[in-house]
Asker: 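Quick one: structure below, then a few questions.
Both backbone and side-chain heavy atoms feed into the values below; hydrogens, waters and symmetry mates do not. The sequence lines fix the lettering, A, B, ..., with proteins before strands; numbering per chain opens at 1.
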There are 2 protein chains.
Amino acid sequence: MAGLKENVTMKTIAEEAGVTLTTVSRILSNKGGKYADKTKKKIFAIADRLKYRPNALVLGMQTGETGTAGVMIPASDFFYSQIISGIHEVFLNNKTIMLLSWNYAILKKEDELLERRIIHQLVDRRVDGIILRPSCEEFERSYFEEIWERNIPLILVDREMAKISTDFAGTDDEAGGKAAAEYLISLGHRNMLFVGAGNSVSTSRHRETGFRKVLSESPNACCKSISTDQKNAKESLLNFFKQQTSRPTAVFCYNDPVAEWVVSSVEETGLSIPGDISIIGFGNDSSGNCNIPLTTFDQHPQKIGAIAAQMYLDRVNGTAVGGIRRELVAPDLVTRASARPLNKPA
Amino acid sequence: MAGLKENVTMKTIAEEAGVTLTTVSRILSNKGGKYADKTKKKIFAIADRLKYRPNALVLGMQTGETGTAGVMIPASDFFYSQIISGIHEVFLNNKTIMLLSWNYAILKKEDELLERRIIHQLVDRRVDGIILRPSCEEFERSYFEEIWERNIPLILVDREMAKISTDFAGTDDEAGGKAAAEYLISLGHRNMLFVGAGNSVSTSRHRETGFRKVLSESPNACCKSISTDQKNAKESLLNFFKQQTSRPTAVFCYNDPVAEWVVSSVEETGLSIPGDISIIGFGNDSSGNCNIPLTTFDQHPQKIGAIAAQMYLDRVNGTAVGGIRRELVAPDLVTRASARPLNKPA
DNA sequence: ATGAAAGCGCTAACAT
DNA sequence: ATGTTAGCGCTTTCAT
């Protein structure tokens, strides 16, 4: 099938045209422009006919610049895939293309090895830089050694790592937490619960901080916290309810999946949402499984991606001004049905 | 701040060790293994200390194989991002990494140019093959010329293109349409509506075909069709209702976004779902915006991606057996709240 | 206005 | 058990 001479190189063209490789190179790359129009036309015509395409591998090898970015962000999550999409859009206009791979989380030693392998795949292909969503906030060393030490520009998204100072684009989680508190307060709620993922997850931590800051300034407001994972969500929540003398009237969950577990757990106890309890999520990426449209926060992941891509280009092109950049996108409340004004007790 | 000698090559190592480049090459790549243990150890030690990494660009240039796949699938859609995720998982175990880029749809001439540019980015980087979700089923030529003619293995996902015969992995849309009809019939519905995207979209067409096949064998069942896009959804639907003497009791929508438009349009007329009308979507990727959990079909996108990746590897490695492969994954009904048994009229 | 030759990092065929 | 040399596709001096 098809046709096309195998492996058309500048040499092929030079031979066809009866000139040297050098001539072809200079004409096609438009350098040292003192060539006869006739020659130019001939070369372009042959290149066109033979559908010549430059070998970017060679260029990359020679110049050290590949126009290729390493992107380590899971496409498996909707939220992250939107970040990837935002990066893509910026790259499209900047002759940059992404090598995409990721390790979802570092849970066991094996995951660290996998991550190292991925970084090697990128380094070996000589990416100009890397945009990374840390798979874990504790094991900084694996990144540090493999990327930072080679002076490869590194941009972090979504999660920061305490020990690495480099450009970062993410969500203003604290502002989000504050906004959640303000909204619930405005609905009349005072007795609240925060369901998070523990202090080791910075996003969860910051959302709680913002949430509590506002509540602490609000008379009569109080907030308990629990943290949980998918497996134990139901149990944790029911245990918590049992221990309380007064049930919270509103729950702020650190992300939408957690909010969905909470919704289904609460429903199983026979309580109704938002009748008995208002629930707010975070991330605006709830699945179609939820029985009630979730009030939540849009983190504008596309925008976060676009910012990260711009940071990347600035570093790679050396056009970065000032020191390390840290940009936080403010999340926006998405009002839906799972939270509503508190019913005054009769 | 970092450190590490700039640009460590085999030459660097050879000089440090007082041997030739060739020696280093053979030892590190483990070929022609007749080297003194002492030499081997020394070389490995130096490579390790200097954190030597092979230059994959050079290897690619020499062998013509880059271990890099071109993947043109939009990460912006949840459904597609799951396909990407499925591909990724297979690639992880096969030393393959993807260059990701896409053109979402071909609507204007500009889009075709963009798409060509993307294909060139991939070709120039000498990808071993390409996995592609056609952005349009009509403009086959742009792909054909740029990929097929160069004998670059091409795998299609999700959408087929009539004029190109190559490996394909997608959904068994007709089976899905049939299952939808069977389900609605079993709920007692007879008067149905199909809302699609027109005959130019093969997935929509196939789902409708399956749907109608079953209905045509079912006594008293009847089905009208309309096709629409996001802008005109509401209007089209309301117009349709006005024209009918008897309102359909069930609507099968060709995907979840369409189903969501239909849900909100129906709700605006004052009718209730599923009380007055049952609605089924397709794709299991509804947003959190829908007022009612959508009954839909899971297309198992991860599986589709994994199949496509395997097809890719088989072609690239030359391990493909038989002719062109075409694999369809059967979608599974996801029963939620938007469809329910027909109320017998009083 | 064009050519010759060196070199990028590495492999492989051909020595010794 | 190790070195020499040519070559992959291309750019870039340094000629003429």
Asker: For Met10(B) and dA12(C), what is the distance between atoms CE and P respectively, to the nearest whole Å?
Answerer: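 Nearest whole value for this atom pair: 11 Å.
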Asker: Identify whether the distance between the nearest side-chain nitrogen and carboxylate oxygen of Asp124(B) and Arg53(A) falls below 4.0 Å.
Answerer: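 Salt bridge: yes.
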Asker: Any ring pair (Phe, Tyr, Trp, His ring centres under 6.0 Å) involving residues 86-121 of chain A? Give me the pairs, sequence neighbours left out, ordered by first then second residue.
Answerer: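 Only His88(A)-Trp102(B), Phe91(A)-Tyr312(A), Trp102(A)-His88(B) qualify under ring pair (Phe, Tyr, Trp, His ring centres under 6.0 Å).
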Asker: When you check the gap from the basic side-chain N to the acidic O, do Glu146(B) and Arg150(B) get nearer than 4.0 Å?
Answerer: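 A salt bridge links Glu146(B) with Arg150(B).
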Asker: Which nucleotide wins on minimum distance to the side chain of Val58(B), given the candidates dT11(D), dT4(D), dG9(C)?
Answerer: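 Of all the options, the side chain of Val58(B) is nearest to dG9(C).
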Asker: Is there a donor N/O on one and an acceptor N/O on the other, under 3.5 Å, for the side chain of Thr39(A) and the base of dT2(C)?
Answerer: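 Not at all, since no donor on one side and acceptor on the other fall under 3.5 Å apart.
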Asker: dT2(C) C1' sits how many Å from Tyr35(A) OH, rounded?
Answerer: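 So the OH-C1' distance, Tyr35(A) to dT2(C), works out to 5 Å.
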Asker: Does a salt bridge link Asp314(B) with Arg325(B), judged by any charged N lying under 4.0 Å from a carboxylate O?
Answerer: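 Arg325(B) and Asp314(B): salt-bridged.
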Asker: Expressed in angstrom and rounded to an integer, what is the separation of Arg53(A) atom CZ from dC10(D) atom P?
Answerer: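 Going from CZ in Arg53(A) over to P in dC10(D) covers 11 Å.
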Asker: Roughly, in whole Å, what's the span from CD in Glu15(A) to C1' in dG3(C)?
Answerer: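 Roughly 15 Å, once rounded to whole Å.
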Asker: Rounded to the Å, how far apart are Glu65(A) CD and dC8(C) P?
Answerer: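 Computing the Glu65(A):CD to dC8(C):P distance gives 17 Å.
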Asker: Whether Asn7(A) contacts dG9(D) is assessed here as follows: a side-chain N or O lying under 4.0 Å from the phosphate OP1 or OP2. Is that the case?
Answerer: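 So the side chain of Asn7(A) is within the cut-off, an N or O lying under 4.0 Å from OP1 or OP2 of dG9(D).
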Asker: Is there a side-chain polar atom (N or O) of Ser25(B) under 4.0 Å from OP1 or OP2 of dT11(C)?
Answerer: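 Answer is yes, contact under 4.0 Å.
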Asker: Over the length of the helix from dA1(C)-dT16(D) to dT16(C)-dA1(D), how much do the five-pair end axes diverge, rounded to 10 degrees?
Answerer: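 Inter-axis angle at the termini of the helix from dA1(C)-dT16(D) to dT16(C)-dA1(D): 50°.
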Asker: Given dA12(C), is OP1 or OP2 found less than 4.0 Å from the side-chain N or O atoms of Lys31(B)?
Answerer: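 So the side-chain polar atoms of Lys31(B) do come within 4.0 Å of the phosphate oxygens OP1 or OP2 of dA12(C), strictly under.
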Asker: Mind checking Thr9(A) for me? I need base, sugar-phosphate or nothing, with any heavy atom below 4.0 Å counting as a touch.
Answerer: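 The residue Thr9(A) makes sugar-phosphate contact but no base contact.
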Asker: In this structure, how many angstroms lie between the P atom of dG7(C) and the CE atom of Met61(A), rounded?
Answerer: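 Computing the Met61(A):CE to dG7(C):P distance gives 13 Å.
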Asker: For the pair made of CD in Gln62(B) and P in dC8(D), what is the distance, rounded to whole Å?
Answerer: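 Interatomic distance, CD of Gln62(B) to P of dC8(D): 10 Å.
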Asker: Between Asn55(A) and Thr23(B), who's closer to the 5' end of DNA chain D by nearest nucleotide?
Answerer: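 That would be Thr23(B).
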Asker: Answer with base, sugar-phosphate or nothing: what part of the nucleic acid does Leu57(B) contact at a heavy-atom distance below 4.0 Å?
Answerer: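 Counting heavy atoms under 4.0 Å across all strands, no contact is made by Leu57(B).
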Asker: Classify the side-chain pair Arg125(B)/Thr68(A) by whether it contains a donor and acceptor separated by less than 3.5 Å.
Answerer: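 Per modelled atom types, Arg125(B) and Thr68(A) side chains form a pair under 3.5 Å.
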Asker: Between Asp167(A) and Arg326(A), is the closest basic N to carboxylate O distance under 4.0 Å?
Answerer: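 No, this pair does not count.
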Asker: Going by an N to O cut-off under 4.0 Å, is there a salt bridge joining Arg49(B) and Glu16(B)?
Answerer: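 Judged by the 4.0 Å cut-off on N to carboxylate O distance, Arg49(B) and Glu16(B) do form a salt bridge.
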Asker: With a 3.5 Å cut-off and just heavy-atom distances, do the side chain of Arg26(B) and the base of dG3(D) make a donor-acceptor pair?
Answerer: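 Yes, the side chain and the base share a sub-3.5 Å donor-acceptor pair.
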Asker: dT11(D) P sits how many Å from Lys11(A) NZ, rounded?
Answerer: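 Answer to the nearest Å: 16 Å.
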